[in-house]
K.L.:
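First, the structure itself, so that you have it in front of you.
Below, chain A is the first sequence line, B the second, and so on; all start at residue 1.
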There are 2 protein chains.
Amino acid sequence: MSTIGFAPHDHKSCVAGTLHKAEAHCASQGLRLTPVRRRSLEILLAEHRALGAYDLLGILAKEGLGAQPPVAYRALDFLVGAGFAHKIEALNAYIACAHLGTCHMPAFLICRSCKSVAEADTAPAQGRLGDAAREAGFVIERTVVEAEGICPQCQDAAA
Amino acid sequence: MSTIGFAPHDHKSCVAGTLHKAEAHCASQGLRLTPVRRRSLEILLAEHRALGAYDLLGILAKEGLGAQPPVAYRALDFLVGAGFAHKIEALNAYIACAHLGTCHMPAFLICRSCKSVAEADTAPAQGRLGDAAREAGFVIERTVVEAEGICPQCQDAAA
DNA sequence: CAGGTATTGATATGTTATAACATTATAGCT
DNA sequence: AGCTATAATGTTATAACATATCAATACCTG
């Protein structure tokens, strides 16, 4: 159960590697990683934290890739649909998927202090939530699992 | 593990009983269940589904209890803070707590067809998410656990 | 290259949420 | 009762998040 996000790592290769995987996935699935979409994914990967749609839009706009909200929302819809990014509902913000290819039904740990977000690959729908759903006869299609709290770094900083 | 929400029940007494419990809780905690707050809770309880802040505001406004957004948001903040209501992040909407007094860290089952919401009293932070957090050294303060899917009634209706 | 589908461009608007500051009510104290 | 600190409400304005709509263009495929 790896929890990517609160540990230092080789960020440059993490970005490049994920972009490469995304390209391969698009090629194999007949999806089109257009310039705006590609650049949006790149930005989310580079930031490595949850970004609001308008934050993304601001960056895209500076680069001449579109200046209206639909540009950002369309790119984000595509990335989320393709599994390259996730929406953090508790923040109304978006983050690149940290486990491209493996993780669906992700769970997030959100630091309220530094705003960093870690993606855990637990499968909550198979745990107690799944039990409760089965018992009630409810069929789960999508889960939102987000925990807000304090990350290790911020705990140390406060101590 | 009761999952209130997808079963018929005596709704009138459920509303009255919960209001009564809320009053008692406020009295014992020195909280003030003012007219707007009380009425907001009543409305959420009566609707028995997630209501947007502006839905609530519309009802309050018709009754002369305030016409501006902050009125609704303040009432909702109070109710959420007191544990009388929860925010459903996936819907940006609010629902009365179905287990007043017992449930913190609730989990929700949201039907995308009929929009009904059931509240399960599983304790997700103690499950796999808690394991992942502990492993990462993350301290959880609040959890958002929501599953979207199809409730039993809507499955039957579709069959 | 014609025709359908996906994508982008652009304008406008809808929805959700909060900042800021003035005013009024309440509770506790003397 | 009168004073004072705090909590709650009234009000205006605006910030932040998201989508509908329609026109124009790019792209695949037969």
Side-chain angles (χ1 to χ4, degrees), chain A residues 22 26-41 43-44 49-82 84-95 110 112 115 144 146 148, chain B residues 22-23 26-41 44 49-82 84-95 112 115 144 146:
Chain A
C26 284
S28 78
Q29 300 294 122
L31 299 173
R32 290 165 55 192
L33 195 61
T34 61
V36 181
R37 293 170 177 177
R38 190 194 151 87
R39 183 66 189 127
S40 297
L41 177 55
I43 290 166
L44 288 181
R49 64 191 173 91
L51 230 50
Y54 280 71
D55 296 332
L56 173 62
L57 180 59
I59 299 174
L60 291 174
K62 272 195 252 172
E63 302 179 359
L65 283 169
Q68 298 76 30
V71 171
Y73 283 100
R74 283 166 181 162
L76 289 168
D77 283 352
F78 172 84
L79 295 176
V80 169
F84 300 161
H86 303 290
K87 178 171 186 184
I88 308 296
E89 297 286 351
L91 302 177
N92 292 317
Y94 304 81
I95 191 165
I110 304 164
R112 69 164 159 77
K115 307 300 176 194
V144 174
E146 301 168 5
E148 290 177 293
Chain B
E23 276 166 359
C26 284
S28 78
Q29 302 293 123
L31 300 173
R32 291 165 55 193
L33 194 61
T34 62
V36 182
R37 293 169 178 179
R38 191 194 150 86
R39 183 66 189 128
S40 297
L41 176 54
L44 288 181
R49 64 192 172 88
L51 230 51
Y54 281 73
D55 296 333
L56 172 63
L57 179 59
I59 298 174
L60 292 174
K62 272 196 254 173
E63 303 177 1
L65 283 169
Q68 298 76 30
V71 171
Y73 283 100
R74 284 165 181 161
L76 289 168
D77 283 352
F78 172 83
L79 295 176
V80 169
F84 301 160
H86 303 290
K87 178 171 186 185
I88 308 295
E89 296 286 351
L91 303 177
N92 292 316
Y94 303 82
I95 192 166
R112 68 164 159 76
K115 309 298 177 195
V144 174
E146 302 170 4

K.L.:
May I ask you to list the residues of residues 53-63 of chain A, by number, that have any heavy atom positioned under 4.0 Å from an atom of DNA chain D?
P.N.:
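The answer is Y54(A).
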
K.L.:
Is the phosphate of dA7(D), meaning OP1 or OP2, less than 4.0 Å from a side-chain N or O of R32(B)?
P.N.:
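Result: no.
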
K.L.:
Whole angstroms only, please: what is the CD-C1' distance between E89(A) and dC17(D)?
P.N.:
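To the nearest whole Å, that distance equals 12 Å.
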
K.L.:
Return the value, rounded to whole Å, for the distance between atom CG of L51(A) and atom C1' of dC17(D).
P.N.:
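Atom CG in L51(A) sits about 14 Å away from atom C1' in dC17(D).
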
K.L.:
Output yes when at least one side-chain N/O atom of Y73(A) is less than 4.0 Å from OP1 or OP2 of dG14(C), else no.
P.N.:
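No, outside the criterion.
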
K.L.:
Which one, dA8(D), dA17(C), dA18(D), comes nearest to the side chain of Y94(B)?
P.N.:
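The answer is dA17(C), which lies nearest to the side chain.
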
K.L.:
Separation of L91(A) atom CG from dC17(D) atom P, in whole Å?
P.N.:
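That distance rounds to 10 Å.
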
K.L.:
Can you tell me how far P of dT9(D) sits from CD of Q68(B), to the nearest Å?
P.N.:
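Value for this atom pair: 13 Å.
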
K.L.:
Is there a side-chain contact between L65(A) and I59(A) in this structure, where contact means two heavy atoms from C-beta onward sitting under 4.5 Å apart?
P.N.:
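Of all side-chain heavy-atom pairs linking I59(A) with L65(A), none is under 4.5 Å.
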
K.L.:
If each of A93(B) and F78(A) is mapped to the nucleotide of DNA chain C with the nearest heavy atom, which maps nearer the 5' terminus, i.e. the 5' end?
P.N.:
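Counting from the 5' end, the first nearest nucleotide belongs to F78(A).
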
K.L.:
Using a 4.0 Å heavy-atom cut-off, does R74(B) contact any base of the nucleic acid, only the sugar-phosphate backbone, or nothing at all?
P.N.:
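Base contact - R74(B) has a heavy atom under 4.0 Å of at least one base atom.
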
K.L.:
When you measure from the side chain of R37(A), which nucleotide among dT9(D), dT8(C), dA18(D) comes out closest?
P.N.:
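Of the options given, the side chain of R37(A) lies nearest dT8(C).
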
K.L.:
Does N92(B) put a side-chain nitrogen or oxygen below 4.0 Å from OP1 or OP2 of dA17(C)?
P.N.:
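For N92(B), the contact criterion (side-chain N or O under 4.0 Å from OP1 or OP2 of dA17(C)) is met.
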
K.L.:
I want to confirm an ordering. Mapping P70(A) and G52(A) to their closest nucleotides on DNA chain D, which one lands closer to the 5' end?
P.N.:
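It is G52(A), whose closest nucleotide lies nearer the 5' terminus.
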
K.L.:
May I have the distance from R39(B) (atom CZ) to dT9(D) (atom P), rounded to whole angstrom?
P.N.:
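After rounding, the reported distance stands at 15 Å.
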
K.L.:
Can you check the L76(B) CG to dT9(D) P distance for me, whole Å?
P.N.:
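L76(B) atom CG is separated from dT9(D) atom P by 13 Å.
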
K.L.:
Can you check whether I110(A)'s main-chain N or O pairs, donor with acceptor, with E148(A)'s side chain at less than 3.5 Å?
P.N.:
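Flag not set: sc E148(A) to bb I110(A) has no pair under 3.5 Å.
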
K.L.:
Rounded to the nearest 0.5 Å, how far does OH of Y73(B) lie from CG of L57(B)?
P.N.:
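Nearest 0.5 Å value for the CG-OH distance: 9.0 Å.
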
K.L.:
Measure the distance from NZ on K87(B) to C1' on dT16(C) and round it to the nearest whole Å.
P.N.:
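About 8 Å, once rounded to whole Å.
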
